[in-house]
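The block underneath contains the structure these notes are about, expressed in structure tokens.
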Amino acid sequence: MSYAKLAGLQPIYGLYSGFVPIFIYAIFGSSRQISIGPAALTSLLVSNVLGKIVDSSDALYTELAIVLTLMVGILECIMGLLRLGWLIRFISHSVISGFTTASAIVIGLSQAKYFLGYEIDRSSEIVPIIKSIISGADKFSWPPFVMGSIILAILQTMKHLGKSRKHLKFLRAMGPLTAVILGTSSAKIYHPSSITLVGDIPQGLPSFSIPKGFKHAKSLIPTTLVITGVAILESVGIAKALAAKNGYELDSNQELFGLGAANVLGSFFSAYPTTGSFSRSAVNHENGAKTGLAGVITGIVMCCALLFLTPVFEYIPLVDYEEAIFLWRVGKKDFLLWTITAITTLFFGIEIGVLIGVGFSLAFVIHESANPHIAVLGRLPGTTVYRNIQQYPEAYTYNGIVIVRIDSPIYFANTSYIKDRLREYEIVVDKLTRRGPQVGRIYFVVLEMSPVTYIDTGAVQALKELHHEYKSRHIQIAISNPNRNVLLMLSKSGVVELIGKEWYFVRVHDAVQVCLQHVERIKEDHMASGSDSSPEETESSLFKSLLKQRGEDSSVAELESGTNNKPSDLKHSDPLSEPLLFQKS
């Protein structure tokens, strides 16, 4: 009922929203513990958008809230059927945390009128609310403030005791009920005129009716999108957490469809937008709910309340800084995202706050994708394992060879960044960790591509350009452990033939062994040539000899399996350092 008041609706619509949808979700939903019904954030969003279209006292206001329920439900059903739940993953946890924190502040201030005893302007922005609170201070009333403070103290005390002492954990669930009973009893006995009561509530179940007010549907589309996103994040987030705790798998797309069906059918029984509730779902979990029957029982209790208890409700009085600290300690970028979302939501409203938060979240995703992590690898002493030299300082590299691991898909947006980093790693090397023959420059660049799950034509073109650039400077590329899809793309585009089949390897160590043999050959040839041959001439001669080792064309199946192939003739051939792609016999 409080959520309905927050949404600008009569309290009875809160009861309607907690009745029919919970039965529908029990049939179509996938979570066994989640509790479906009205929630604070969706209620605030409903109030924010509908208040700009029509006054809350107008009958059209209620009609639009019900139409909004239908639109949200249809969108959720479509997303569930088309398996589009993955779209919500682009809204980061920091955005949601910042949004919910700011919304909690707005919600709390908007409900301060029941504590202070005078009306406060309805708004989703913090500045108008604070101005309204200050301007009406001369109307302050003590009775509602005292009662509200006492009830709040009871709630916080019982919550703290239930959380800090295991044998008293039942107090957490009993707190709201205790507060309601005490508040209702006081209002019934003393009849304080300055305290706002819920008032008369219609008795009986909601009747079937077709939603009206579709002529305003176009103006409701943006809010439909925002409410759907928030509702899905709340519901799917808590449902996944509870599923993990209770040891079963949750189908996110079925969850979407279940939420959508609950809203669509609920709209025909006067429900406003519903979603999964964090607090009520937590109560379900803590009290041992194991199946959807828990929701059905809640619905039955709600049915009984609508039929028999609404006269009692007449006398009910209306009444995450920790996350920010955690984000600051763990990740400054996430803290920045949290701050941006919270501030914009507080000062510019919920819709703008969500849009700006999501926009920055997507911008961070794009930035990370366009600037992927790239590591220079070194060999761990006594092993054939190669790891990031920044993470493992004891790892050593080899003279004349740079080993680089690209930790992301390669596509048009990040090819330029990757090429710049490769040039940088070729020039800036840590000579203190290098071993092997003493040579003056880099001859081989080994690309470890096992983390690369995808490449596009832009990446193919970048590899070709990189090959030609290296070729002009007598540097050979070697590629280690590309997956099947990447290898297929490289083969079809001619990159395999261009670089040479013998320069594709199963392991980084295989590639390094072959490259070391050639570095040794360069060293030996240069020493044997004496003063008659310059290092540059030796390098040019070696590079030309490497090009002659390119094999003939081969099918992808042969390239991967190595059937009917033999390794290239290398000096001191090591069976553990054979190329991934062999030449034909």
Side-chain angles (χ1 to χ4, degrees), residues 376-379 381 383-384 386 395-404 422-423 425-427 429-448 463 466-481 495-552 562 565-585:
V376 175
L377 305 185
R379 183 176 178 178
T383 73
T384 58
Y386 292 76
Y396 58 85
T397 58
Y398 290 100
N399 292 306
I401 305 171
V402 173
I403 311 161
V404 178
L422 290 176
R423 295 188 189 102
Y425 294 145
E426 178 192 342
I427 296 170
V429 293
D430 183 7
K431 297 183 181 297
L432 296 177
T433 62
R434 292 188 170 273
R435 298 186 183 182
Q438 293 292 327
V439 289
R441 66 176 187 85
I442 299 299
Y443 291 99
F444 297 95
V445 175
V446 179
L447 300 180
E448 156 66 310
L463 283 173
L466 198 62
H467 169 76
H468 291 304
E469 178 186 332
Y470 281 156
K471 180 180 177 181
S472 67
R473 294 189 284 119
H474 311 309
I475 297 174
Q476 176 65 45
I477 294 177
I479 293 180
S480 166
N481 197 23
V495 175
V496 167
E497 180 68 19
L498 183 66
I499 293 176
K501 294 186 294 294
E502 68 279 4
W503 294 106
Y504 289 75
F505 298 87
V506 176
R507 301 181 304 166
V508 173
H509 185 63
D510 300 343
V512 172
Q513 291 295 95
V514 172
C515 294
L516 272 175
Q517 292 167 10
H518 286 295
V519 172
E520 290 174 1
R521 186 181 301 172
I522 293 173
K523 183 70 173 178
E524 292 171 1
D525 290 349
H526 179 60
M527 293 178 64
S529 64
S531 59
D532 295 331
S533 178
S534 67
E536 289 76 13
E537 291 173 343
T538 303
E539 293 165 6
S540 179
S541 175
L542 171 66
F543 194 77
K544 289 178 181 179
S545 69
L546 295 177
L547 292 181
K548 292 179 182 179
Q549 296 178 10
R550 290 175 51 189
E552 301 176 359
N565 293 327
K566 64 181 181 180
S568 55
D569 183 20
L570 297 172
K571 184 178 179 180
H572 310 303
S573 178
D574 182 350
L576 294 178
S577 57
E578 296 179 349
L580 172 63
L581 312 178
F582 298 133
Q583 301 180 52
K584 284 186 174 180
S585 301

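Heads up: numbering here begins at 1 and tracks the sequence.
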Handout entry: Shortest non-hydrogen separation from A511 to V446 and the atoms involved
Key = CB-CG1, 3.9 Å
Practice task
Can you measure from CG (L447) to OH (Y504) and round to the nearest 0.5 angstrom?
Solution key: 9.5 Å
Practice task
Let me see the working for V514 and W503 under side chain to side chain contact (heavy atoms under 4.5 Å, CB included), right down to the final yes or no.
Solution key: CA-CA 9 Å; V514 172; W503 294 106; 4.0 Å; yes
Problem - Interatomic spacing from OH in Y470 to CD in Q476 - rounded to 0.5 Å - result: 11.5 Å
Practice task
Nearest 0.5 Å please: distance from the CZ atom of F505 over to the CG atom of N481.
Solution key: 12.5 Å
Exercise for the section: Please step through side chain to side chain contact (heavy atoms under 4.5 Å, CB included) for the pair E469 and R423, ending with a clear verdict. Expected result: CA-CA 10 Å; E469 178 186 332; R423 295 188 189 102; 3.1 Å; yes
Problem - Spatial distance of atom OH (Y398) from atom CD1 (I403) [nearest 0.5 Å] - result: 8.0 Å
Practice task
Answer yes or no: is there a side-chain heavy-atom contact under 4.5 Å between C515 and Y443?
Solution key: no
Practice task
Could you check if a side-chain atom of K471 sits within less than 4.5 angstrom of a side-chain atom of I477, using non-hydrogen atoms only?
Solution key: no
Handout entry: Derivation of the side chain to side chain contact (heavy atoms under 4.5 Å, CB included) call for Y386 and E448
Key = CA-CA 10 Å; Y386 292 76; E448 156 66 310; over 6 Å; no
Handout entry: Within-4.5 Å side-chain heavy-atom neighbours: V512 and R379
Key = no
Practice task
Compare all side-chain heavy atoms of V445 with those of L466 and state whether any distance is below 4.5 angstrom.
Solution key: no
Practice task
Would you mind reporting whether H467 and V495 have side-chain heavy atoms less than 4.5 Å apart?
Solution key: no
